[in-house]
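So that the names make sense, note that chain A is the first sequence line, chain B the second, and so on, each numbered from 1. Note that the structure is a prediction, hence the values are computed from the model and not measured.
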Number of protein chains: 2
Amino acid sequence: MPKPKKERILEEAERLFAKRGYDGVSLREITNEAGVDVALVKYHFGNKQGLFDELLSRRAKALNRERSDALDAVLERHDPAPVEEVVDAFTHTLLNKVVSEDPSWRSYFGLLAQVNNNPDWGGRAMSKHFDPLVHRFLDALKRALPGCDEADLYWCYHFWSGALTLTFADTRRIDGLSGGLCHSSDFEAVHKRLVPFISAGFRALCQKYEENDREHH
Amino acid sequence: MPKPKKERILEEAERLFAKRGYDGVSLREITNEAGVDVALVKYHFGNKQGLFDELLSRRAKALNRERSDALDAVLERHDPAPVEEVVDAFTHTLLNKVVSEDPSWRSYFGLLAQVNNNPDWGGRAMSKHFDPLVHRFLDALKRALPGCDEADLYWCYHFWSGALTLTFADTRRIDGLSGGLCHSSDFEAVHKRLVPFISAGFRALCQKYEENDREHH
DNA sequence: CTCACACTTCAACAATTGTTGAATAACGAC
DNA sequence: GTCGTTATTCAACAATTGTTGAAGTGTGAG
């Protein structure tokens with residue numbers, strides 16, 4: 001049984017939109033790659049925007065639950081939880097999906113990178129799907145960093161989000177910049193480094209009082 | 001004497017490309033906003049890509065010199081220089097231009113954000129204009145963080161670049177997320193926080209031996 | 001079989017896209 | 001003025017864009 005054509009459209013659209021953005025891909029390019037007729041887009045998704053919205057939301061729900069569960073697991077062990085563990089719970093899920101699981105997740109995160117960096121309507125689209133989850137994580141971080149300024153916290157998340165976004169954009173710039181030492185698609189390398197990098201940033205800005213026990217790991 | 005039409009095209013193109021990306025803006029939209037004929041694009045820049053390239057490079061040269069000078073000033077005072085000062089030299093110039101100077105710089109940085117996050121050709125475009133400068137800064141950081149792993153250093157720059165990119169993309173997501181506490185276009189707020197955040201990240205990943213004197217500022 | 005329904009194809013639409021050649025205008029040098 | 005160069009306009013091009021109505025195919029139930 002061949003894959004249903006609706007799904008073929010979604011796959012190709014995800015792949016192409018992730019690479020060249022909403023305006024950089026035409027419906028015919030998608031449907032040609034998928035081997036289906038253009039009119040199917042209207043039938044299944046209404047129009048181009050409907051197709052894009054469907055791509056955005058179809059994976060968001062499962063992803064949100066998974067990351068929320070990861071946070072729960074951390075908070076169950078200790079609350080307030082160390083900054084590192086909260087940051088890791090947020091990032092771990094994403095990078096694991098890219099590294100080991102169904103590679104189509106990689107396209108999805110590429111899509112999110114496009115959306116998150118879109119000055120026109122990206123902010124609203126991201127907020128619509130992910131703000132509640134982000135608030136859960138920021139609440140946990142607030143408890144981990146008592147007395148911290150709320151604005152500091154949000155800006156830290158902003159920097160964090162930017163680092164993740166550029167990672168998933170996968171522009172291969174670091175490949176040339178590093179002379180082949182690093183590879184833009186080496187998400188394992190990112191995984192190892194992003195958590196300590198971001199956690200240190202949070203502590204530097206949001207940790208008001210020095211604590212004695214700084215045991216991490 | 002009214003502004004030359006060539007310049008009007010550049011201004012509007014910069015503004016629109018920054019907001020909606022290369023494929024999201026048509027030449028006629030640019031030339032209509034600028035009040036000139038479409039054919040002028042061919043005359044002055046060859047084609048659409050030529051216009052975009054001109055936008056990218058016309059400000060890059062001056063910007064590179066300015067940032068290189070900022071690094072020189074730091075290194076003249078002390079070499080190796082503290083991480084904070086090197087990071088600040090890189091970021092300071094950008095954010096100052098946005099805050100105080102000619103507001104058209106803001107469009108230019110929005111343009112850079114679009115390019116830097118573009119998976120298709122963004123990496124090459126950024127490298128072409130900015131890699132030598134980035135290498136200068138990374139060299140200074142390498143001296144500030146003796147014995148550090150080179151790959152770590154490049155990945156730190158990657159996170160840094162991502163944080164800056166999302167900032168200049170100006171998506172207004174943080175406005176809603178923070179309930180109005182932060183504003184995406186408040187570059188002064190970013191300025192205060194980005195340097196300590198990124199510096200702490202560099203230290204966390206790249207600082208091999210604890211040092212006694214951690215005097216900053 | 002027949003009917004209803006979901007799915008798919010086909011052919012075409014009006015609008016917009018980047019690009020272009022030829023004609024026109026502005027302007028300084030001589 | 002006259003000429004050469006630069007700048008600008010005009011009208012149009014072929015191609016592609018998203019979208020659409022109508023026709024066609026398949027399938028499963030009755």
Just to be sure I understand the rule, does Asp37(A) reach a base, reach only the sugar-phosphate, or reach nothing, if contact means heavy atoms closer than 4.0 Å?
base
What is the distance from CG of Leu40(B) to P of dC10(D), rounded to the nearest Å?
11 Å
Nearest-Å distance, NZ (Lys6(B)) to P (dT8(D))?
10 Å
In whole Å, what is the span from the CG atom of Asp23(A) to the P atom of dT16(C)?
15 Å
Could you tell me whether Lys48(A) contacts a base, only the sugar-phosphate backbone, or nothing, with contacts defined as non-hydrogen atoms closer than 4.0 Å?
sugar-phosphate
Check: Trp105(B) and Leu63(B) side chains under 4.5 Å, non-hydrogen atoms
yes
Do Asn96(B) and His191(B) have side chains that approach each other closer than 4.5 Å (heavy atoms only, starting at C-beta)?
yes
Look at the side-chain N and O atoms of Ser26(A) and state whether any lies under 4.0 Å from the OP1 or OP2 oxygen of dT16(D).
no
Report the distance from atom CD of Gln49(A) to atom C1' of dT19(D), rounded to the nearest whole Å.
14 Å
Under 4.0 Å between a side-chain N/O of Lys5(A) and OP1 or OP2 of dT9(C), yes or no?
yes
Nearest to the Tyr43(A) side chain among dT19(D), dT9(C), dA6(C), which nucleotide is it?
dA6(C)
Starting at atom NZ of Lys42(B), determine the distance to atom C1' of dC10(D), rounded to an integer number of angstrom.
15 Å
Mind calculating the distance between CZ (Arg20(A)) and P (dT16(D)) to the nearest angstrom?
14 Å
Does dT8(C) have OP1 or OP2 sitting under 4.0 Å from an N or O in the side chain of His44(A)?
yes
Give the nucleotide from the list dC10(C), dG18(D), dA12(D) with an atom nearest to the side chain of Arg28(B).
dA12(D)
Distance under 6.0 Å and angle within 45° of the ring axis: does Arg193(A) meet both against Phe159(B)?
no
Assert: residue with more 5' nearest nucleotide on DNA chain D, out of Gly46(A) and Glu29(A), is Glu29(A)
Separation of dG18(D) P from Leu16(A) CG (nearest whole Å)
12 Å
Mind checking Val38(B) for me? I need base, sugar-phosphate or nothing, with any heavy atom below 4.0 Å counting as a touch.
base
Going by the angle between their ring planes, with limits at 30° and 60°, are Tyr22(B) and Phe52(B) parallel, tilted or perpendicular?
perpendicular
Asn47(B) CG - dA15(D) C1' separation (whole Å)
16 Å
Under 6.0 Å between ring centres: does that hold for Trp160(B) and Phe202(B)?
yes
